[in-house]
There are 2 protein chains.
Amino acid sequence: MAISALQFERSKYAPKLPKALQGPVKVVVGKETESVADQEEIQKLFPNTYGMPLITFEEGADTGSLPVMNVGVILSGGQAPGGHNVISGIYDGLKKLNPENKLYGFLGGPGGLVDHEYMELTDEIIDEYRNTGGFDIIGSGRTKLEEEAQFDKGVEICKELNINALVVIGGDDSNTNACVLAEYYLQKETGIQVIGCPKTIDGDLKNEMIETSFGFDTAIKVYSELIGNIMRDANSAKKYWHFIKLMGRSASHIALECALQTRPNVTLISEEVAEKEQTLAEIVDYIANVIARRAEDDHNFGVILVPEGLIEFIPEMKTLITELNDLLAEGQQSANEFKALVTDAEKRTYVIGKLSETSSKVFASLPEGIAKQLTLDRDPHGNVQVSKIETEKLLIEMVDVRLAEMTEEGTYKGSFSAQNHFFGYEGRCAAPSNFDADYCYSLGATASVLIGNGKTGYMSSVRNTTKPADKWIAGGVPITMMMNMERRHGHMKPVIQKALVELDAAPFLKLAENREQWAVETSYVYPGPIQYFGPTEVCDATTKTLELEQGK
Amino acid sequence: MAISALQFERSKYAPKLPKALQGPVKVVVGKETESVADQEEIQKLFPNTYGMPLITFEEGADTGSLPVMNVGVILSGGQAPGGHNVISGIYDGLKKLNPENKLYGFLGGPGGLVDHEYMELTDEIIDEYRNTGGFDIIGSGRTKLEEEAQFDKGVEICKELNINALVVIGGDDSNTNACVLAEYYLQKETGIQVIGCPKTIDGDLKNEMIETSFGFDTAIKVYSELIGNIMRDANSAKKYWHFIKLMGRSASHIALECALQTRPNVTLISEEVAEKEQTLAEIVDYIANVIARRAEDDHNFGVILVPEGLIEFIPEMKTLITELNDLLAEGQQSANEFKALVTDAEKRTYVIGKLSETSSKVFASLPEGIAKQLTLDRDPHGNVQVSKIETEKLLIEMVDVRLAEMTEEGTYKGSFSAQNHFFGYEGRCAAPSNFDADYCYSLGATASVLIGNGKTGYMSSVRNTTKPADKWIAGGVPITMMMNMERRHGHMKPVIQKALVELDAAPFLKLAENREQWAVETSYVYPGPIQYFGPTEVCDATTKTLELEQGK
C-alpha cells in the first residue's frame, strides 16, 4: 500500500497520555451516580448498571500482569477523525495489561458482531493505522444493536473467541445501545463487559463528564481551514457572497465553533432559530439586511455559515413538512388528484389551496425548484426528504428575491452574486489533529483499564482537556448517568441526552456578543490547515468551544 | 486585525532564494530568442521587444547602490496562492538595490493603473502579508489592459509618482497584455519598463522557460488533501461514489496532478476527451463500467475526478451548444415559438425537433434538469451559460440511468449512491506552501533585478525547481518568445501559447499507465493537509507533474 509522505512521518507520532495512564494505574472509586432525569424509570430499566460510581484513575504501583483477556471492538455510525487511535489505544492498553491479550475487530459496524464477521488485530495492522483518519481498519456500519436476538448472536461469537469485553465506539444512540447491551449481558450472566467511547463530529455527545466527543476538534479545523480560505478569496475578489453549509443535523456546534474560529459575517444557529421561533422570512431578512449594510461600504462580498439541520429547526417549516407529508401520502385522494395534474404551476396552485393558511403562505414563498422538490422527491414512505433540501441554495434564492424588493424600496444599493458550498465529507476522515490523536488514544487506553478492572456499562471519560495531556483526568462514567427518557418513534425510550448548543453558555454568548461587529466589518481570521509538527500554539490548540466552556 | 496562531508563526518564515539572488547579482546575457511560432507576424507586432536575449543571474560582486527607482505592481485576474510573496519579493529586492526605492501597489487590478488608484507599500504593510494567501493586500481585478487610452492613463500616473517600472502579476492573457504595454511604452519612449510574473492555479501558463506558474503547487495540495479525506471516507463507509469537480476550465492540469497525488478510480482529462473525440455517452459508459467492475468485488464506492471545463471539450456537446445558441437566439422565430410553449415536455419536444440529428440525440439523452438549464438559463447575449452546468451532477444522473440499463441487461449487480463536490475557491487563497512561498518570493526578487538592470518585456523566470531552492536558476525570458498567433473573437492576435495537458508527456502517461489498476483496486493515497514546519520530505515536495516533467 502506497502512503503519502505525511502519513509516513505522522505514523511515528506517539500520542500523549494522561499521567495516570503512563504507568501502572490505581483505580479510585468515586460517589454513586444517578441519571440526569427520569431517575426512577431509568433505574427500573437498568437494575444492574444504574447508579454505579464514577471512576477516576491515578498513578499506581505495579501489580503485575492480569489474567489473559480477549476484547472485541466495534465502530458504529458515521466516521469521525481519531477512530483508529481509539483502537490503537485499546490495543496498546491491553498489551500493557498482559502481552497475551488479544483484540478482535468486528467488521462493518455492529452488524459484524451479529453476523460473526471479525478479524484479529495484530501489531502489523495496528501500526499501519496509527494516527490516520477513517474507520477503514475494520469498517463501520449503521446496524442498531437493539434486539435480544442480536445480543444473543453476540454472545455466541464472544464465547467462541473467548471475548470478555466489547468496546463500542459510537455516538449517543450507539452508546445508549451499548448500555442496554451491558445491562442484558449482566442480567444473563454472560460475563461479557461492555464499554463505550464517545464519538461524533457533530459534537452533540457532551456533558459534565464527557467534555467533548472525539473527531470534533479535527473536523472543525478542516472546515475552518476551508472557510478561512474562502474568506480570503471573498476579501480579495470582493464580489461574491459565499453561503457555506456545514455538517450538523441535530446540533449547530460545528457552525458555532467554525464561526468562533473564523468570524464570518453571518452565522445561523439552529437552536437559536428554534428558541426564538424565527420564520424563514425573518432569517432571509436578517441576511439581506447584513448584505445591504455591507453594500453601503461597497463591500458586496461576505461569508455566511448555515448548519445542515436548519430547516428542521424552523417551526413553520416543520409544520409545512408535516402537512405536505399528510397531503401527499400514498393512497390519499389529494395525492391522486395532485398526481393527475400536468404542469408545475397547476401542482403548485393545488398544493397552496390545500395547505393551512400559514403553511400555504410559506410554501408560496419558496423558490420554484425547492417547492417542487418538497412535493416530488419523496422517500419510499412518501415523506419529504428534508436532508436533500439544499438549504444553502434555498437561502441564496430567497435572499436574491428579498434584495430585489429592497432595491425597489431604495433600501439596498449593491450587487449580489453568490456561491454555495457544503462541507461534510471533507472533514469526517481527516487524519486526527494532535488533540484528537491524543484524546482518542487516551480514550482507548482508558477503555482497556476499565475492562481490566472488570467494569461494564461505563463510558471512557477523559477530562480537563484544555490542559496539557499529562494533566488530563481519565476514568469511567456510568452510561446510565447521562440518560433521560425521550419519545422516539412514538415510544418513550431511555437515551443519552443530546447536547444542543446552549444559548446561555459561553460559546454562543461569544458569538452573540461579536456578531454585530463581524457582520458589518470584515473581521475574518484565517486558521489555515491542521499542523502536526510545528509550535505547540499552532499544533496543540483545543477548540474555542472547549476553551470558553472551561472559562479560558 | 486578529490573526490565527498559524498565521502568526508563519509570518516568521524567511522564504528561500536561489543562490544567485542571495547577494549581489551578475546578469548573464544569453542567446537571442524567437517566438514559438509565427515569428514574422510576432516580430512585426513587437519590433522593439522581439528577439531579446534570455537573461540568467549568477552570483556577482557588489557594485554599490543603484539610482533610486519607483516601481508599481498590479495583480491581475483570479487569485492564486503566493501573490503576496511575489510582492514582498519585489519589495525586498528593490530595497536591497537601494533603500530609497519605493513600491506602489495599484488597487483592484489593472483598473487601478487606469483610474489612478494606488497605495504606497511600506514595511508595516508588507510584513502583515508575508507568506499569506489571497490578493487582498492591494486587490485584483479583471480589467484588461488593451487600449492605448488605458496605456496613456498609465503613463500619467507613472510620471506623477516617478514610477520607472511596472510589474504585472497575471496569467497568460495578462502577460500578453504586459508585453503589448512594454512594446508601447518603448515605442513612445516613456521610459517605463514592464515585467510580468507567471500566475495561474490552473497551471496552463507553462513552457520550457516557465516550469510552473505560481499557486498551482498550493492549490493542488489543498484539493488533494480534500480528495484524500473523501477517499478515506469512501473507503470507510463503503457506500458512496463521490464525483469531484475540480477547478480548471481550459486545461486539466489540476485534475491530472490531483489524480497522481491521490489515485482515484476514474480521472477524466478534457484534453484526452477532445483528442479522442469522445461522446458524452462514451464517457458515461466508461464510468459505469468501472462502477460495475468494482461492484463485482462488492466495492460499491469510489472517487471520480472531473475537470471543470469538461463539457466544452466534448465535441458533440460543443456542437449542441452552438446549435442551441442559434436556435434560441433573441429575435429568431424559433425562439419565439419556443417561448410560446407552456410545459417543459412541449419545449423539450420542440427543441429536439429543430436540432440536427446528432444534436437532437445528444439533447434527448440529457437529464431533464440539465436539458432545461441549457434552454432556459441564458446569459444577456442569449448564450448558454456553459460554466453554470453542474457537470458532476450531469454525470451522476446519466451514470445512474446507464447503470439501471445495465442492471436490466444483467451486466451490473450493485447499488449506486453518489455524492457531488466542487473544489475551486477552497484552494485559490490558501496560504502558500513552502514551494510557492519560496518560488513566488524568488519571482518577485527576480523582477526587481530585471528592473534594476533596465529590462522590459521580460517575464520573471525561476527554473530547476525540483532541486532545493538555492540551486534554482533565476533570470528573465522575453515574453515574445512564448507567443504565437491565435484566433480570438474572430481576429488573429498574438498570445502566449496556453499549455494544455500533453497526452504524450510523462504526467499523463503515468496516469494512463496506472488508471486501469486504480479503477478496480482501491489504491487511494491520503496526502493530508499542507505542512509548513515538519520534515522536508513533507513540507518541501514539489508537484508530481514537475517531478515527472523533469524526469524524476
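Lettering of chains follows the sequences in order, A, B, ..., and the numbering in each one begins at 1. Basis for what follows: all heavy atoms, side chains included, without hydrogens, waters or symmetry-related copies.
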Winner by heavy-atom pair count (cut-off under 4.5 Å) against chain B, out of A:Glu9, A:Lys238, A:Arg142, A:Glu537 | A:Glu9
What residue, out of B:Gly427, B:Ala541, B:Ala430, has the most heavy-atom pairs lying under 4.5 Å from chain A?
-> B:Ala430
Contacting moiety of A:Glu521, where chain B heavy atoms sit under 4.5 Å | neither
In terms of heavy-atom pairs under 4.5 Å with chain A, the winner among B:Thr522, B:Asp233, B:Val525, B:Leu6 is B:Asp233
Based on non-hydrogen pairs under 4.5 Å, which of A:Arg428, A:Gln7, A:Gln79, A:Met231 is most in contact with chain B?
-> A:Gln79
Most contacts with chain B, counted as non-hydrogen pairs under 4.5 angstrom, among A:Asn235, A:Val342, A:Ile227 | A:Asn235
Note: vs chain A, highest number of non-hydrogen pairs under 4.5 angstrom among B:Pro527, B:Cys539, B:Gly109 is B:Pro527
Is the A:Tyr425 ring parallel, tilted or perpendicular to the B:His421 ring (thresholds 30°, 60°)?
-> perpendicular
Which region of A:Gln531, side chain (C-beta onward) or backbone (N, CA, C, O), has a non-hydrogen atom less than 4.5 Å from a non-hydrogen atom of chain B, or is it both or neither?
-> both
A:Thr218 vs A:Lys221 side-chain heavy atoms within contact, under 4.5 Å | no
In terms of heavy-atom proximity below 4.5 Å to chain B, should A:Phe423 be classed as side chain, backbone, both, or neither?
-> side chain
By a 4.5 Å heavy-atom criterion (distance strictly below it), what part of A:Phe8 contacts chain B: side chain, backbone, both, or neither?
-> neither
Going by atom types only, do A:Asn265 and A:Tyr524 share a side-chain donor-acceptor pair under 3.5 Å?
-> yes
One option among A:Ala345, A:Gly141, A:Ala5, A:Ser236 has the most heavy-atom pairs under 4.5 Å with chain B, and it is A:Ser236
Heavy-atom distances under 4.5 Å only: say whether A:Glu426 touches chain B with side chain, backbone, both or neither.
-> both
Check against side-chain contact (heavy atoms from CB on, under 4.5 Å), B:Cys258 and B:Leu246 | CA-CA 9 Å; B:Cys258 289; B:Leu246 292 168; 4.1 Å; yes
What's the verdict on side-chain contact (heavy atoms from CB on, under 4.5 Å) for A:Ile74 and A:Ile169, showing C-alpha distance, side-chain angles and the deciding distance?
-> CA-CA 6 Å; A:Ile74 298 167; A:Ile169 303 171; over 6 Å; no
For B:Phe214, is the NZ or CZ atom of B:Lys199 found under 6.0 angstrom from the centre of its six-membered ring and inside 45 degrees of the ring axis?
-> no
Under 4.5 Å from a heavy atom of chain B, the part of A:Arg263 involved = side chain
Is the shortest heavy-atom distance from the side chain of B:Phe243 to the side chain of B:Gln419 under 4.5 Å?
-> no
Please state whether the side chain, the backbone, both or neither of A:Ile3 comes within less than 4.5 Å of a heavy atom of chain B.
-> backbone
Salt-bridge contact B:Lys510-B:Glu257 (side-chain N to carboxylate O under 4.0 Å) | no
Atom group of B:Gln261 that falls short of 4.5 Å from chain A, counting heavy atoms = neither
Name the member of B:Gly108, B:Gly228, B:Ala237, B:Ser140 that forms the most heavy-atom pairs with chain A at distances under 4.5 Å.
-> B:Ala237
With a 3.5 Å cut-off and no angle check, do the side chains of B:Asn85 and B:Asp436 form a donor-acceptor pair?
-> no
Ignoring hydrogens and angles, state whether a donor on the side chain of B:Asp217 or B:Ser433 is under 3.5 Å from an acceptor on the partner side chain.
-> yes
